[in-house]
Every structure is written in structure tokens, then in C-alpha cells.
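First the structure, then my questions, so here it is.
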Amino acid sequence: MSLFKTLLLSNQAKVVYKTQNPLHKPFPHSPSFIIRRTLSSSPQEPIKKPLSLLFEEAVGLTEKAGGNESEYQEEKNGLMSELRELEREVRALKENPKLKVQKEEKEKKPKKKVTNLVELFGSEKMVEKRRRESGEATVLKDLSPFVEAFVRHLYSKGYFNKANFLVDNKLDFSYFDSKYGRDFIKSAAYKFGKDHQEIAQWLSSKNLKTVALFGCPSLDKNNVFAAKWLRKFFKIQEDTVCSQCMLKDSCRHANKDVWGIATRNLLLVHVMKVIILYNLDQVPPKLTVPDEVRDSANKLLEEVIKLSRTT
């Protein structure tokens, strides 16, 4: 009996030694390895659901299955957020069918094509308002009756056919209450002067000389040289005009004569570049224009309209 106990204790000691000794590694297929592997293995990870099943659960075709752990895994999936958004949209359409009709009508509605910059960035009045708020534009005075008559004449002659700010090419004077509209009038006046050179020889010399003697209506190079050409035509000395000019301190062309040009003929485009600024009252703030000069400019513009109708 004592021998049996001795053998039993000896076997138990071997088992304890094998299980507790780190150098002793059981063969993978041994029973002790299988038991230990089974006991120490972590819980089985949840099986991922197929995409079709996720979609059916999202839109309400099937009931959601699985515990909190599976739902947590689904929340981590980036696709789940998109599916839930789709689910909310489907439920909203089921609760309110009108939303579906409105969505279809919105998708079918054709987008308005932008035909000009005014439609792209807002009405011209809004553009001018932004310019005025940023200090880029000054307050513009109302058009004089002479300018309104000239604008109507230009419009009848087709000089506003390319004015993209006119809706359906209809003449609307409200669009000329902005710097853009006034600049378009000036451009049309210059083109009109180039197209109707024959009118220049019939203009009043008295009114032309009054305008030429006053000086330049602007410091812009094109306007300055147009005024110089008028003075050259009437043989008016530059220093006589420049010495009395209110803009001489800021002018880079003071007392400079023009050479190499034909002064035997008066060019109507030069006349238009000078008088249109007086007509539109678009002169520098420092420049005080006498009434005599304004009246001469208005009379010349009136003569241009009358002569254009007869020639």
C-alpha cells in the first residue's frame, strides 16, 4: 500500500513539474496543450455581416439582430453612417410623400444659364452698391436732358446692342445710375465719333474753342491728348492753358505739346472724348468747370445729334 502511494505521488510531481516549468513545451497535439489552448483562448470575435444584410436592416426590410457588441462594431464601420442617413431619408419620404414630389421637381427644374457678368455677380445696382461701400465709386448726378437725348439717339442707331446690362435690349435709364453704365455711354460716344467724322466740320467753332481754352477734363492720358489735339487745331499755346489749370500739380503732361499729328482736320472722336466728360459731369473733384464751358459742351452735343440725323 505504501508502494502504491509512493508511485502516485511521484507521477503527480512529474505533472506539476511539466505544467509549471517554462522550459517544458508540450507538443501541440498533446492533450495538455489542447486543454491549455482551449482554456486560454480569447472569446470568438463576432462575425461581420454581409453588405446586403446591412442594407436591408438600414432601410427596414429586416429586423436588426445581434447584441451590443455587434452594434458597436457596425457603428465603427464608415459605411454605417451612410446607411443610416439613407434610412432617415426613406423614413422621411414615407411619412411625408410631398417631400418626394418636391425633390423630383427640383431635380427636373433646368438650371438658369448665365449670359453675362451682371447675372453672375448680381444686378448692376448691387455691384455699384458694393463699389460705393468700398469707396471705389463717387455719387453720380442725374443725366442731363442733353445726355438723355444723346443716349436715345445712340440706342436708335444700335450702339447699345452689345450692352449686356439691358434686359431684352430694352432701354432703361436706371442702369445708367452706375459707373459701369456711364462708362458704356462714353465708349458708345467714342465709337460714334469714329463712325461719323463728317459731322466735325459743321460744329460751332465758337463752342469748340471755348472748350479747348479751358483745358483738359481729366488726367487720363487719352482725354488729355484729345484736349491737346483740340488746342493744336486752334493753335492755342499749351503753357497758356496749363499755367491756369487746377490739375497741373498732378498732371504728368503739363506744358507738353503734341507732335507728328495732322491738325488740319478736326477729328470728331477727339471732340467726343472731351465734351462727354463735361456732359456726364465726370471730371475730377478738384476741377471746377465754369457754366460757360458746360453750356458749350451741351450745345456741341445737341449739334452732334441734329447733324447725325441730317447726314
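When a residue number appears, it is its place in the shown sequence, counting from 1.
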Q: Mind checking side-chain contact (heavy atoms from CB on, under 4.5 Å) for Asp142 and listing every partner two or more places apart, or none if nothing turns up?
A: none
Q: Please list all pairs passing the salt bridge (charged side-chain N to carboxylate O under 4.0 Å, His left out) test where one or both residues lie in residues 286-296, with sequence neighbours left out.
A: Asp281-Arg294
Q) What's the verdict on side chain to side chain contact (heavy atoms under 4.5 Å, CB included) for Trp229 and Leu267, showing C-alpha distance, side-chain angles and the deciding distance? A) CA-CA 9 Å; Trp229 285 328; Leu267 298 180; 5.9 Å; no
Residues 301-310, side-chain donor-acceptor partners within the protein, below 3.5 Å, at least two apart:
| from | atom 1 | to | atom 2 | distance (Å) |
| --- | --- | --- | --- | --- |
| Glu303 | OE1 | Ser204 | N | 3.0 |
| Ser308 | OG | His153 | NE2 | 2.9 |
| Thr310 | OG1 | Lys306 | O | 3.4 |
| Thr310 | OG1 | Leu307 | O | 3.1 |

(Q) Testing the basics here: between Lys186 and Leu277, what is the closest heavy-atom pair and its distance to 0.1 Å? (A) CD-CD2, 3.6 Å
Q. What's the shortest heavy-atom distance between Ser174 and Asp172, and which atoms?
A. OG-OD1, 2.9 Å
Q: Find the distance between CE (Met272) and CG (Leu300) and round it off to the nearest 0.5 Å.
A: 9.0 Å
Q | side chain to side chain contact (heavy atoms under 4.5 Å, CB included) assessment of Lys179 paired with Asp183 | A | CA-CA 6 Å; Lys179 186 179 182 298; Asp183 289 344; 3.0 Å; yes
**Q.** Listed partners of Phe146 passing ring pair (Phe, Tyr, Trp, His ring centres under 6.0 Å), at least two apart
**A.** none
(Q) Considering only residues two or more places apart or on different chains, which pairs with a residue in residues 191-205 satisfy salt bridge (charged side-chain N to carboxylate O under 4.0 Å, His left out)? (A) Lys191-Asp195
Q: Step by step, work out the side chain to side chain contact (heavy atoms under 4.5 Å, CB included) result for Arg182 and Leu143.
A: CA-CA 9 Å; Arg182 300 292 173 94; Leu143 296 178; 3.4 Å; yes
Q: Enter the distance from Ile275:CD1 to Asn207:CG here, rounded to the nearest 0.5 Å.
A: 9.5 Å
Q.
According to ring pair (Phe, Tyr, Trp, His ring centres under 6.0 Å), who are the partners of Phe234, at least two apart in sequence or on a separate chain?
A. none
Q: Kindly compute the distance separating OG (Ser144) from CZ (Phe150), expressed to the nearest 0.5 Å.
A: 11.5 Å
**Q.** Partners passing ring pair (Phe, Tyr, Trp, His ring centres under 6.0 Å) against Phe176 (at least two apart in sequence or in another chain)
**A.** Phe160, Phe165, Phe173
**Q.** side-chain contact (heavy atoms from CB on, under 4.5 Å) partners for Pro290, two or more places apart
**A.** Phe214, Val293
Q) How far apart are the C-alpha atoms of Val167 and Tyr175, what are their side-chain angles, what is the distance that settles it, and do they pass the side chain to side chain contact (heavy atoms under 4.5 Å, CB included) test? A) CA-CA 10 Å; Val167 180; Tyr175 286 104; 3.4 Å; yes
Q. Going by the angle between their ring planes, with limits at 30° and 60°, are Phe192 and His196 parallel, tilted or perpendicular?
A. parallel
**Q.** Atom pair CD1/CG of Ile185 and Asn279 - distance to nearest 0.5 Å
**A.** 10.5 Å
Q) Mind checking whether Val211 and Val271 have side chains closer than 4.5 Å, heavy atoms only? A) no
Please list, one pair per line, the donor and acceptor atoms closer than 3.5 Å that link side chains of residues 241-255 to other protein atoms, with sequence neighbours excluded.
| from | atom 1 | to | atom 2 | distance (Å) |
| --- | --- | --- | --- | --- |
| Ser243 | OG | Asp239 | O | 2.8 |
| Ser243 | OG | Thr240 | O | 3.3 |
| Lys248 | NZ | Ser243 | O | 3.0 |

Q: Measure the OG-NZ distance between Ser296 and Lys209 for me, rounded to the nearest 0.5 Å.
A: 13.0 Å
Q: Any pair with a residue in residues 285-311 that passes ring pair (Phe, Tyr, Trp, His ring centres under 6.0 Å), sequence neighbours left out, goes on the list, sorted by first then second residue, please.
A: none
Under 3.5 Å, side-chain donor or acceptor atoms of residues 215-225 against the rest of the protein: list the pairs with distances, not counting sequence neighbours.
| from | atom 1 | to | atom 2 | distance (Å) |
| --- | --- | --- | --- | --- |
| Ser218 | OG | Asp220 | N | 3.1 |
| Asp220 | OD2 | Asn222 | N | 3.1 |
| Asn223 | ND2 | Lys273 | O | 3.3 |

Q | Nearest-0.5 Å distance that lies between atom CG in Leu230 and atom CD1 in Ile236 | A | 8.5 Å
Q) For Lys299, what residues pass the salt bridge (Lys or Arg N to Asp or Glu O under 4.0 Å) criterion, not counting sequence neighbours? A) none
